[in-house]
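Let me begin by presenting the structure, written as structure tokens, before commenting on it.
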Amino acid sequence: MDWKNEIIGLPLNVIILEDSSTDFELISEQLRSAGFALNINHAYNRDEFISLLSNGNCCDIILSDFNLPGFDAFEALEISKKLRPDTPFICISGSIGEEIAIEILKNGAVDYVLKDRPNRLPFAVKRALDEQKEKSALKLAEEELKRNEAKFRTLTENIPDIIVRFDKNLRHIYINPAIEKITGIRKEHFIGKTNEDLNMPMELVSIWNEKMNYVFQTGEQRIYEFDFETNDSTHSFLSMLVPEFSEDGAVHTLLCVTRDITDRKRIENDLRKSEERLRDIIFSSADWVWEVDKEGRYTFSSQKVKELLVASEKEILGKTPFDFMPEEEAKRVSEIFAGVVTKREAIVDLENWNIGKNGELICLLTNGRPILNEVGELIGYRGIDKNITERKLSEQELIKAKERAEESDRLKSAFLANMSHEIRTPMNGILGFAGLLKNSDLSGEQQQEYIRIIEKSGERMLNIINDIVSISKIESGIVDVRLSDTNINSQMQHVYDSLVFDADSKGINLSCVCEAADNEVIVRTDSEKINGILTNLVKNAIKYTFTVKVEYGYTAKDDLIEFYVKDTGIGIPKERQDAIFERFIQADIVDKMARQGAGLGLAISKAYVEMLGGKIWVESEEGVGSLFSFTLPRNQVH
């Protein structure tokens, strides 16, 4: 039987205490025959034995004869227990009796073997080694347990948490010193007492007992949070109830670890209040608060978005700002955002136009700051959008007003220059020919010609003054509308009679077309203003026509009358057709000095048409001619 590897896997260190060399050899051979690899030290007497045990040599087992020179196995066993208390001791003798054998076993020997039965020795050695191995393992475990218990006691004695053990009767069987710091009561006061014995509040006792009984019955852990009045104030605690099982699997004790979470609860309450305040601020803010990830997808939105875009705060999540912008604006803003993300910069006063809730464009002013994670990586942006649509529209209106004012100043300057020319020309005619009339050598025919020129210049001067007075009244809002029954045909004829001479003098065929009978076109309107409108339009047509024909007339419809004045003159450029109805503007402002007139006729006509409830427009082509049209409510008189 080979026990070499089975026992220790290494040579067996043996001390054999034997004064007989023959018996020493027999013992050694018996062990080697059994397969033991041996490292043997031989001691003949007491001194040699003590020396071997004292010099620090490794020794796995001691085999000792009973009768030795000057001492016996009992004394050898005592020496062994003193110097090598953990080394197994086997007594080997040829004359030992049963009583002595029992006595030596009682004193600590692990076994005894008779020399006349040497074949039993290997078994005794193996059993002794196995027992020693078990004892060593048990000793190590006990030492580890002691160390762990010391660590646990050090921990529990110094930990700020309260640690309590309860038995099945819910009595305190252990409690650490932390209870004294929290309650001011010495820990010994709790030992052996229940919560009822400690006069805790019955409501708290009832809940505690219920939870502890549950753990004892089920073996499940329980966590319980509660408030308790200590020696200074009311504190909040968090307790964990942990079952401790016995060998039969039943819960025999219960460990309770209680932590003071007063500060944590206070921080949580402060944080909750802060979050509530922040939420109230966000949701009462006039601005839209949002968060986006680094791709620009919304991860948070305040409810203000409902007043701005066609989406609620939940519907907008996962979408981007660019989803709510016109295509070109989305492209522009997305490029800006990509650049900001690349540089991890803040978004500062970014104006952007969005499709608003009612389908109208709204302008938002965006400001945002980058959000970084714990390692400094960009994960998104947080910011606000302010609705600045009214401000932007006001700015645009101011710009337009500024442009209109600048244009008005330019036009007024041109107008004044034109007026200077327009007034000087007839005045020169009046004064010049009036001076010539003083010459007594003039013939009668010459005098009449000079008088005619003076009258024509005076009429021209009067027309200029009338236009200036009219536009001034319109600007001041003091023009009255005087309604009366008016025969449209008579008005048309009156204009013809007053302007046909001017047309004939330029070789122009002036024609008036009245399509209805007199009784069909008697309407209630302001006859003077109709006369002024038609006169201005026909005069302009004659003035700017250098061909053969000017025609004006009307078409009577059910609820309105549509007038027209058509010429074959120079025409009006497309880009100037809207502007000609503005004050002081002629179709060709650069060449206006070549024309007669103050540039007020069409502005006056437009104002009169609108006062009478109609509208005026022009269709024209350069070099072909123009067609001016305007409408007036019919307001027919029956």
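Every value quoted in this text rests on a predicted model; they were computed, and no experiment measured them.
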Starting from the C-alpha separation in whole Å, work towards a yes-or-no answer on side chain to side chain donor-acceptor pair (under 3.5 Å) for Asp385 and Thr366.
CA-CA 5 Å; Asp385 274 6; Thr366 300; 2.7 Å; yes

Assess the residue pair Tyr214 and Glu220 against the criterion (side chain to side chain donor-acceptor pair (under 3.5 Å)); give the C-alpha distance rounded to whole Å, side-chain angles, the decisive distance to 0.1 Å, and a yes or no.
CA-CA 8 Å; Tyr214 178 86; Glu220 296 179 13; 3.0 Å; yes

What do the steps show when you test Glu395 against Arg391 for salt bridge (Lys or Arg N to Asp or Glu O under 4.0 Å), and what is the final call?
CA-CA 6 Å; Glu395 289 176 358; Arg391 191 186 85 186; 3.4 Å; yes

Set out, in order, the CA-CA distance, both residues' side-chain angles and the distance that settles side chain to side chain donor-acceptor pair (under 3.5 Å) for Asn67 and Asp65, then state yes or no.
CA-CA 6 Å; Asn67 292 309; Asp65 189 10; 6.0 Å; no

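A pairwise comparison of heavy atoms in Arg84 and Cys59 identifies NH1-CB, 3.2 Å as the closest pair. Residues Leu350 and Ile336 approach most closely at CD1-CD1, 3.8 Å, considering heavy atoms. In terms of heavy-atom proximity, Leu17 sits nearest to Asn45 at CD1-O, 3.7 Å. Heavy-atom minimum distance, Arg127 versus Val110: NH2-O, 3.3 Å. Across all their heavy atoms, Asp60 and Leu129 have their closest contact at O-CD2, 3.8 Å. The nearest pair of heavy atoms linking Val340 to Ala346 is CG1-O, 4.1 Å.
Side-chain atoms of Trp288 and Ser301 include a donor-acceptor pair closer than 3.5 Å. A donor and an acceptor atom, one from each side chain of Asn367 and Asp349, are located under 3.5 Å apart. Of the N and O atoms on the side chains of Asp167 and Thr253, not one donor lies less than 3.5 Å from an acceptor on the other residue.
Geometrically, Arg369 does not engage Tyr381 in a cation-pi contact, judged by NZ or CZ lying under 6.0 Å from the ring centre and within 45° of the ring axis.
Under 4.0 Å is where a charged nitrogen must lie from a carboxylate oxygen, and between Glu78 and Lys82 no such pair does. Salt-bridge check for Lys304 with Glu307: passed, with a basic side-chain N closer than 4.0 Å to an acidic carboxylate O. At a threshold of 4.0 Å, the pair Glu291-Arg382 counts as salt-bridged, since one of the basic side-chain nitrogens sits closer than that to a carboxylate oxygen. Ion pairing between a basic and an acidic side chain is recognised when a charged N comes within 4.0 Å of a carboxylate O; Glu328 and Arg332 show no such pairing. Contact check on Arg165 versus Glu244 returns a salt bridge, with a Lys/Arg side-chain nitrogen under 4.0 Å from an Asp/Glu carboxylate oxygen. A salt bridge between Lys135 and Asp86 is absent, with no side-chain N of the basic residue lying under 4.0 Å from a carboxylate O of the acidic one. A salt bridge does not link Asp323 with Lys319: none of the charged nitrogens is closer than 4.0 Å to a carboxylate oxygen.
Each of Lys126, Gln132, Lys133 was checked for a side-chain hydrogen bond (donor to acceptor under 3.5 Å, both in side chains) with Asp130, and the lone residue meeting it is Lys126.
Applying the side chain to side chain donor-acceptor pair (under 3.5 Å) rule to pairs touching residues 193-204 yields His189-Lys193, Thr194-Glu196, Thr194-Asp197, Glu196-Asn209, sequence neighbours excluded.
In this structure, Ser80 contributes its side chain and Ala76 its backbone to no donor-acceptor pair below 3.5 Å. Within the 3.5 Å criterion, the main-chain N or O of Glu360 finds no donor-acceptor partner in the side chain of Asn358. Put simply, the side chain of Asn354 never gets that close to the backbone of Gly356: no donor and acceptor are under 3.5 Å apart. Within the 3.5 Å criterion, the main-chain N or O of Lys265 finds a donor-acceptor partner in the side chain of Asn269. A side-chain donor-acceptor contact under 3.5 Å links Ser302 to the backbone of Val289. Between the Glu329 side chain and the Trp353 main chain, a donor and an acceptor come within less than 3.5 Å of each other. Judged purely by atom type and a 3.5 angstrom limit, His42 uses its side chain to pair as donor or acceptor with the backbone of Glu18. Remark: side-chain polar atoms of Asn352 are paired, donor with acceptor, to backbone N or O of Leu364 under 3.5 angstrom. For Asn176 (side chain) and Ile163 (main-chain N/O), a donor-acceptor pair under 3.5 Å exists by modelled atom type. In this structure, Glu315 contributes its side chain and Ser312 its backbone to a donor-acceptor pair below 3.5 Å.
Glu390 CD: 12 or fewer foreign heavy atoms inside a 6.0 Å radius. Counted within 6.0 Å of CZ on Arg147, heavy atoms from surrounding residues, nucleotides or ligands total more than 12; the atom is thus considered enclosed.
In summary, the aromatic rings of Phe166 and His172 are positioned with their centroids under 6.0 Å apart. Under the 6.0 Å cut-off for aromatic ring centres, Phe24 and Tyr44 do not qualify, their centroids lying 6.0 Å or more apart.
With contacts defined as side-chain heavy-atom distances shorter than 4.5 Å, the pair Ile362/Leu309 qualifies.
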